[in-house]
Amino acid sequence: MPELPRLPRSWSSTLKLPKSSFPPRVSAADQAKYLRRCTDDLYAWQRQERPADQTFILHDGPPYANGDLHIGHALNKILKDIVCRVQLGNGKRVHYVPGWDCHGLPIELKALQGQDLSKAINGSLGAAIIRKAARRLAERTVREQMKGFRSYAVMADWDNHWKTMDKDFEKRQLGVFREMVEKGLVYRRFKPVYWSPSTRTALAEAELEYKDDHVSTAALVKFSLVTIPSHLAENPLLNADNISAVIWTTTPWTLPANAAMAVHKSLEYTIVQSEKHGHLLVAQSRFEYLQSMLKEDLAVVVPSILGSELADQTTYRPLFKGQDAAPQPIISADFVTADSGSGLVHCAPGHGMEDYEACLARGIPAFAPVDDEGRFTDKAMPDDPARLSGKLVLDDGNAAVLDYVEMQGDLLAKHRYEHKYPYDWRSKLPIIIRATAQWFADVGDIRSSAVNALENVRFVPESGKLRLGNFVKNRSEWCISRQRAWGVPIPALYHCGTGEAVLTRDSVSHIMNVIEERGIDAWWTDDANDPAWIPPSLREASGADYRRGTDTMDVWFDSGTSWAVLDARKNEPPADVYLEGTDQHRGWFQSGLLTFVAHQLASGQSSSPCAPFKNLITHGFTLDEDGRKMSKSIGNVIHPQTIMDGTLLPPLKQKKGKGKRKQPVSQGPVYDAMGPDALRMWVASSDYTRDVVIGKEVLQTVNISLHKYRVTFKLLLGALSDFNMDNTVPYKRLHKVDHIALAQLSELVVACRSAFDKFEFYKAVNAINRWANLEFSAFYMEAIKDRLYTHGENSASRRAAQTTLFHIYHYLQEVLAPITPMLIEETWEHTPEAIKSACEHPLKRVFSSPDPQWQDQSLNWDYRNLTAVNSVVKNLQESARMKKQMGSSLQSFVHLVVPSKVSVFNRYLHELPDLFVVSSVTLGENGDPVPDEIANSEWQYTDEVRLPDDHTGTVYVYAPQATKCPRCWRYAVPEAETTENTLCDRCEEVVQELDRTSA
């Protein structure tokens, strides 16, 4: 009886197309669930399960609690989280407790918005009101900022966060301060400091911003000499009563405080004759400058006088101290230069740091007739107080000084001068240098120890070592007192009669005990005469009457002592990592280093102190795509939430495919609402050691990568839907292309681990993207789709492909876990139970090493040869498509002619159709005739291929000499055997097996 014809059927039902519940887009409904799992739950788990003796400590540089989060906050906190998650993958227990900096003037002023700020600044509003309002603002801001940070999928001990305004923190801070007092590292001195008239407080160097285009009125001023060296007095060409020394200054308002004049002992000076101004003393090198400023020809009277001849032998008459004032000296100083001004420098030790040091050495006291608001006092001009008193030194006071000098005939010239000048970083207004009585920490005694401590620190980038080291080397003392109400008090007592300060270990200990009992606010709110604050030893002294000071500690001292939090929680410093913006070299890094070194020296812990950090990492600032800083006025500010919500970008265009085996994608548009992972991917893909750019183009690239990861995971999960560990195929039984894929996977893992260890996360992201797009998607997945979808379910070839995909899935989860934890948590949710039961959660895994036998370097050479040919095949196929001679790449055969020396193609011959995604591949050697089927084919294209070893070959792509199989779409059915439902031999065997299984 003849065989009955096969009935038409749907061959797609016999294929093993990938099926997975993993969604192609982020689901907002699931975000909260995944967020908690991969942050709070994960942190709690690792604190319980990971060994305590393998703890990794990242100490938080506290953000300031006075405003909304911006993109710079996201960069910082996400970098820290990636660092922690890498260490979690290394098997460590992570200790990361977030903190907040809560004291200081910005919070104080913002808290009092709507009230009379002048009262807040001058103190008349009342410290209790200010502190209550500031604390309320800081607490609210901490809650809001914490909510934002947690939304970035940052894994931390949020419940135990610390604040510089916490009672325990303040107590530890005072304890560190007490140690430094006992060691003699804290003292009070009347000396010049940076002073902000706008906020009425002393400032540290780290609290300054420098404006490059500040304009001052510079002036050339002459001072009449009173006494001169004897050899000059005897010079017949000179009139000793008509010689003046010339100085140049950009701060004429400091002239009332002038106390000396400086020359350089090795510079040569000259005396010139001016018709209008008489004999003038100036540096030889500045002769032409003086002549140009005076707009007259000057005659040289005395051509050369060494500065050493003038110093300590010459005096001059001050301008603002009255006719009876004593003459003032000309001294020598190394800071005098020959290339600016007049070569002589006016010294006001109350208004200049260098002036102060030079004068102090000669017993010349500092004098600063300027009040807290930056106005002249009556002492500025004792003989005529009304002329200057009450005038702002940076405004009308400066003009009044110049008017007086000009009226006296001592103003030679004045001009506008644009230069770099320090501003208060809070008020954005210019500061002055002003001598006041302040508390200082003696950095000079500990800076060599601090610099030496940096030798054992790893810096990322390395340039940070020189930068921080230079900042420390250039500091001699640190002004730690501030004239504000919101902060930790400097626990000093002052004698009501003499003003003498008392600050000892015993007095500080006594005050700390009272604070412990009454609370820190009581320092301000208790009655001024309350004796409880006075130690018994002072109370019992006859005639003793003391008051509490009102100065608070510099906020950099607050946050700088935050390393004590670690010690208090039994995680002793040094921390493994400090990570902040590069501006913290002059801020928190420095204050933390100095206080920790001082603590070790003061407590006798070590004669060779270490730094509070083992690794110090710095990142740059965030800029828009045009390289500009973020500014509300420019309108280029990007908020972190808009990136997570996807509201900044248009929808991504979705690629459309043809046929039943297209890549699985969702129906409808794919929007860019990628949640926290979008923000995190931007951070991880940026070289943070420089300034970091962000904008629509950058974010579009980031989101394309994230979509690629999602599609990859969806494909992997779909392909592994019927896989379990019992199906695993040994390495030796895998196909050669599987070996290539595992070698490339191994290289990816090694590259990512190396990048993680070096904190170079962007290199890991670059490696993942390159692998995902080229090695996995364009090469391996294209090569295995046929055997994955069309081969028998339990066939060795299909299980080999699944085994390889399982390894890829496993390691892709591991390398992405620190970067996109939300995505990895979601993949675990949709992982088949058969795989879940045999594997540990990817976020809890200790990073594993790829099998050493995967790392076969010869496979890379094979890959390069194969892709060289594949590239030519694709180009030739495109030529056929352009002429509409073929559609699918399977609608082509390939003949490859290569030298016999190139054995790779013989070894891979069985797999070449899969690799090139064609229906047939044949091989020939150079010199062989072209096969007849090529010459007789309906169409054919040919081109030369250059192989990596400089060999050349020829590639032929031509029309298939067979009919399309309706199941696998390969042109593999001999034309003579073709009927409507005729399958190729391979598919026929698979279908028959399916029929037998289902029968």
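Seen from the ring of F149, K77 counts as a face-on cation partner, given the 6.0 Å and 45° thresholds.
Looking only at distances, a side-chain donor or acceptor of S151 sits under 3.5 Å from a matching main-chain atom of G148. Proximity of a side-chain donor or acceptor of Q173 to a complementary backbone N or O of M553 within less than 3.5 Å is not detected. At least one donor-acceptor pair closer than 3.5 Å links the side chain of Y43 to the backbone N or O of Y96. At least one donor-acceptor pair closer than 3.5 Å links the side chain of R482 to the backbone N or O of A202. In this structure a side-chain-to-backbone donor-acceptor pair under 3.5 Å is present from D60 to G99. Although no hydrogens or angles enter the test, the distance criterion places a donor-acceptor pair under 3.5 Å between the side chain of R50 and the main chain of L88. Checking side-chain atoms of R710 against main-chain N and O of R25 turns up a donor-acceptor pair under 3.5 Å. Distance alone, capped at 3.5 Å, places no donor-acceptor pair between the Q87 side chain and the F56 backbone. For D166 (side chain) and W162 (main-chain N/O), no donor-acceptor pair under 3.5 Å exists by modelled atom type. Looking only at distances, no side-chain donor or acceptor of R753 sits under 3.5 Å from a matching main-chain atom of V815.
Side-chain N/O atoms of S198 and S196 include a donor and acceptor closer than 3.5 Å. Looking at N160 and D157, their side chains do bring a donor and an acceptor atom within 3.5 Å of each other. A donor-acceptor contact closer than 3.5 angstrom is absent between the side chains of T618 and E580.
Listed here is the closest heavy atom pair of A575 and L566: CB-CD1, 3.9 Å. Listed here is the closest heavy atom pair of L594 and R475: CD1-NH1, 4.2 Å. In this structure, F459 and G464 approach most closely via the heavy-atom pair CD2-C, 3.5 Å. Scanning all heavy atoms of the two residues, the minimum distance from R85 to D81 falls at NE-OD2, 2.6 Å. The two residues G581 and F589 have their closest heavy-atom pair at O-CE1, 4.0 Å. For C102 against V142, the heavy-atom pair with the smallest separation is SG-CG2, 4.2 Å.
Rounding to the nearest 0.5 Å gives a distance of 14.0 Å between OG1 of T827 and OH of Y709. In this structure, OG in S427 is found 8.0 Å from CG in L105, a value given to the nearest 0.5 Å. Atom-to-atom distance recorded for T622:OG1 and D624:CG is 9.5 Å, nearest 0.5 angstrom. The structure places CG of D40 at 7.5 Å from CG of L35, a figure rounded to the nearest 0.5 Å. To the nearest 0.5 Å, atom CZ of residue R680 and atom CG of residue L75 are 12.0 Å apart. How far CG of L69 is from CG of N76: 11.0 Å, rounded to the nearest 0.5 Å.
Aromatic rings from W563 and H59 are positioned such that their centres are separated by 6.0 Å or more. Taking the centre of each ring, W100 and Y64 stay at or above the 6.0 Å mark. Taking the ring centroids of F557 and W478, they lie under the 6.0 Å cut-off.
The existence of a salt bridge linking K171 and D168 is excluded, since no basic side-chain nitrogen approaches an acidic carboxylate oxygen closer than 4.0 Å. Between D687 and K763 there is no salt bridge, since none of the side-chain N atoms of the basic residue sits less than 4.0 Å from a carboxylate O of the acidic one. With respect to the salt-bridge test (charged N to carboxylate O, under 4.0 angstrom), the residues K33 and E829 qualify. A salt bridge links E207 with R426: the closest approach of a Lys/Arg side-chain nitrogen to an acidic carboxylate oxygen falls below 4.0 angstrom. Between R93 and E49, no side-chain nitrogen of the basic residue sits less than 4.0 Å from a carboxylate oxygen of the acidic one, so the salt-bridge criterion is not met.
I824 has its side chain within reach of L843: a pair of non-hydrogen atoms, C-beta onward, lies under 4.5 Å apart. For the pair Y423/L208, no side-chain contact is recorded, criterion being any heavy-atom separation below 4.5 Å from C-beta on. In this structure the side chain of M822 never reaches within 4.5 angstrom of the side chain of E826, judged on heavy atoms. Side-chain contact between S705 and V765: absent, with no pair of heavy atoms (C-beta onward) separated by less than 4.5 Å. The closest side-chain heavy-atom distance from V698 to E625 is below 4.5 Å. Residues L593 and V472 have side chains in contact (heavy-atom distance under 4.5 Å, counting atoms from C-beta outward). Considering only heavy atoms from C-beta on, Q584 comes within 4.5 Å of W556 through its side chain. For the pair I71 and H73, the minimum side-chain heavy-atom distance is 4.5 Å or more.
Within 6.0 Å of NZ on K758 lie no more than 12 heavy atoms contributed by other residues, nucleotides or ligands. Heavy atoms of other residues, nucleotides or ligands lying less than 6.0 angstrom from NZ of K420 number 12 at most. In D41, the CG atom is crowded: over 12 heavy atoms of neighbouring residues, nucleotides or ligands sit closer than 6.0 Å. The environment of R36 atom CZ is sparse: at most 12 non-hydrogen atoms of other residues, nucleotides or ligands sit within 6.0 angstrom.
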(request) Before giving the answer on side-chain hydrogen bond (donor to acceptor under 3.5 Å, both in side chains), spell out for D677 and T820 the whole-Å C-alpha distance, their side-chain angles and the decisive distance to 0.1 Å. (result) CA-CA 5 Å; D677 284 342; T820 57; 4.7 Å; no

(request) Could you please spell out the steps behind the side chain to side chain contact (heavy atoms under 4.5 Å, CB included) verdict for L112 and I130? (result) CA-CA 7 Å; L112 297 172; I130 294 172; 3.7 Å; yes

(message) Test side chain to side chain contact (heavy atoms under 4.5 Å, CB included) on V86 and F759; report intermediate values, then the result.
(response) CA-CA 9 Å; V86 167; F759 305 106; over 6 Å; no

(request) For T39 and R150, run side chain to side chain contact (heavy atoms under 4.5 Å, CB included): C-alpha distance rounded to whole Å, both residues' side-chain angles, the deciding distance at 0.1 Å, then the answer. (result) CA-CA 8 Å; T39 55; R150 298 179 84 159; over 6 Å; no

(message) Applying side chain to side chain contact (heavy atoms under 4.5 Å, CB included) to K844 and L42, what does each step give before you reach the verdict?
(response) CA-CA 8 Å; K844 298 177 180 178; L42 181 61; 3.7 Å; yes

